[in-house]
Amino acid sequence: MARQSAPVIDAHASFDDFSTLLLEWYDRHHRHLPWRTPPADTRVGVLPDPYRVWLSEVMLQQTTVSAVKSYYEAFLAAWPTVEALAGAETEAVMRAWAGLGYYSRARNLKKCAETVAADHQGRFPDTEEGLKTLPGIGDYTAAAISAIAFNRPAAVVDGNVERVVTRLLAMETPLPDAKPLIRAFVANILPADRPGDFAQAMMDLGATICTPRNPACVLCPVSADCLARQNGTAERFPRKAPKAEKPLRHGAAFVARRGDGAVFLRKRPPEGLLGGMTEMPTTGWTARQDGETDTSAAPFPADWRDCGTIRHVFTHFALELSVYRADIQGSGETAAPLPAGWWSSPEELPGEALPTVIKKAIEAAIPGATKKRQRDRKTS
DNA sequence: CATTCGTGGGC
DNA sequence: TGCCCAAGAAT
């Protein structure tokens, strides 16, 4: 829209001091994060390990900093280099990723490490174009790695930057249509000397000052440049296309417990929802509830007992899962042959590649079963 | 290009 | 409680 391109051009001149003010703020108020090299170091040419930048950026895709921290530390301890990760077992990576969500990221992480180790001598490409050829690295992550790990002038646009820029310009164009305009604006104001710090400064500003609700405009280093601030409409940006409503799906899950406490598990298909992760036998999750028990869909005949229903909300649908438990006598022999899978002992179960929704279902059937064993509580 | 992909926290 | 959101990518 012509109406939107004009402000971007005008902005270039009037936002001349923007980067200076933002970087001065970042030098004093930047967040301290495990994967970050502080500006005192980057300013003298000390850059972070690209492997660590990549690992953190993939984990941070649609995921909060607080959720990522412990996973990042665990991955770095288990696999300190891209070669180490390339040599890991995929199943070990899936177990370590369990609970973080968006599990295709874990498989792509492993594939990417293998490619970098085998085809790039263990070194990540330094250009956006080169990085984007790798699995799991898209527009944002390629720009972020190029800027942060190699200090190249890439326009890094994530959700934070979208919010900051649409407010600065009071941009009426809704997302995602506004994305090219935002990228062009960022490319125009990008400081040639500190592109990595600039990218992180924009994200820190969005995360700590220019927040979705109740932005702290009074503390903002660039509030004088902000059109939404002048209009008192910061919270109205960014504008977004209306979202589709979430359908409700139903299903049933079957927790078979052996005499020694082991639980029967299987692996989900490698692609799609919770791809490659571990679960107990379940029905499909599109079946309509008919008011009758679902035990006719059980993986084998047994005395299936109703353990209630759990609810779980995914990105694009909600799930009501009926949970059943059967106690199998002896060492797991059933009236019918078992489907593909394995028995997981009480010691192994907490470390399996169990998504959160599956853990919730197991907990409904066997309280405490997925929790890592705690030391005996002393009655102090 | 619209849809498909998790989860936990904040209000 | 329900809705929004978080350093998006793949198809």
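Lettering of chains follows the sequences in order, A, B, ..., and the numbering in each one begins at 1. Since we're looking at a predicted model, the values are computed, not measured. Side chains included, hydrogens not; waters and symmetry mates left out as well; all remaining heavy atoms used.
- Contact check on A/Glu114 versus A/Lys110 returns a salt bridge, with a Lys/Arg side-chain nitrogen under 4.0 Å from an Asp/Glu carboxylate oxygen.
- Within 4.0 Å of A/Trp97, counting heavy atoms only, lies no atom of the nucleic acid at all.
- Side-chain N/O atoms of A/Trp342 and A/Glu348 include no donor and acceptor closer than 3.5 Å.
- The residue from A/Leu131, A/Asp126, A/Thr141 that alone fulfils the side chain to side chain contact (heavy atoms under 4.5 Å, CB included) condition with A/Ser146 is A/Leu131.
- For the residue pair A/Arg105 / A/Gln61, no side-chain donor-acceptor distance below 3.5 Å is found, with atom types taken as modelled.
- With salt bridges taken as basic N to acidic carboxylate O contacts below 4.0 Å, none links A/Asp303 and A/Arg305.
- One finds no side-chain N or O of A/His316 lying less than 4.0 angstrom from the OP1 or OP2 phosphate oxygen of B/dT3.
- In this entry the distance linking CG of A/Leu273 with C1' of B/dC5 reads 7 Å, nearest Å.
- Salt bridge absent: A/Arg95 and A/Glu352 never bring a charged side-chain N and a carboxylate O closer than 4.0 Å.
- Each of A/Arg36 and A/Lys132 was assigned the nucleotide of DNA chain C with the nearest heavy atom; the assignment lying further toward the 5' end belongs to A/Arg36.
- Picking from B/dG6, C/dA7, B/dG8 the nucleotide with the shortest atom distance to the side chain of A/Asn160 gives C/dA7.
- Neither OP1 nor OP2 of C/dA7 sits under 4.0 Å from any side-chain N or O of A/Thr141.
- Backbone-only engagement by A/Gly272 is indicated by non-hydrogen atom pairs under 4.0 Å involving sugar-phosphate atoms exclusively.
- The ring-ring contact (aromatic ring centres under 6.0 Å, His included) test applied to A/Tyr102 returns no partner, not counting sequence neighbours.
- Within 4.0 Å (heavy atoms only), A/Gly206 reaches no atom of the nucleic acid at all.
- When rounded to the nearest whole Å, the span between CG of A/Leu33 and P of C/dA6 equals 16 Å.
- OP1 or OP2 of B/dT4 has not a single side-chain nitrogen or oxygen of A/Ser104 nearer than 4.0 Å.
- Atom NZ in A/Lys246 sits about 13 Å away from atom C1' in B/dT4, given to the nearest Å.
- Neither OP1 nor OP2 of B/dG6 sits under 4.0 Å from any side-chain N or O of A/His312.
- Looking at heavy-atom distances under 4.0 Å, A/Ile145 makes no contact with the nucleic acid at all.
- Each of A/Pro176 and A/Glu271 has a nearest nucleotide on DNA chain B; the 5'-most of these lies closest to A/Pro176.
- Residue A/Tyr102 has no polar side-chain atom (N or O) positioned under 4.0 Å from OP1 or OP2 of C/dA6.
- Closest to the A/Tyr140 side chain, of the nucleotides C/dA7, B/dT7, C/dA6, is C/dA7.
- For a distance-only test at 3.5 Å, the side chain of A/Arg107 fails to qualify as a donor-acceptor partner of the base of C/dA10.
- Contacts between residues 51-80 of chain A and DNA chain B, defined by a heavy-atom separation below 4.0 Å, involve A/Gln62, A/Thr63, listed by number.
- Atom pair A/Glu235:CD and B/dG10:C1' shows a separation of 14 Å (rounding to whole Å applied).
- Mapping A/Ile358 and A/Arg213 onto DNA chain B by nearest heavy atom places A/Ile358 at the nucleotide closer to the 5' end.
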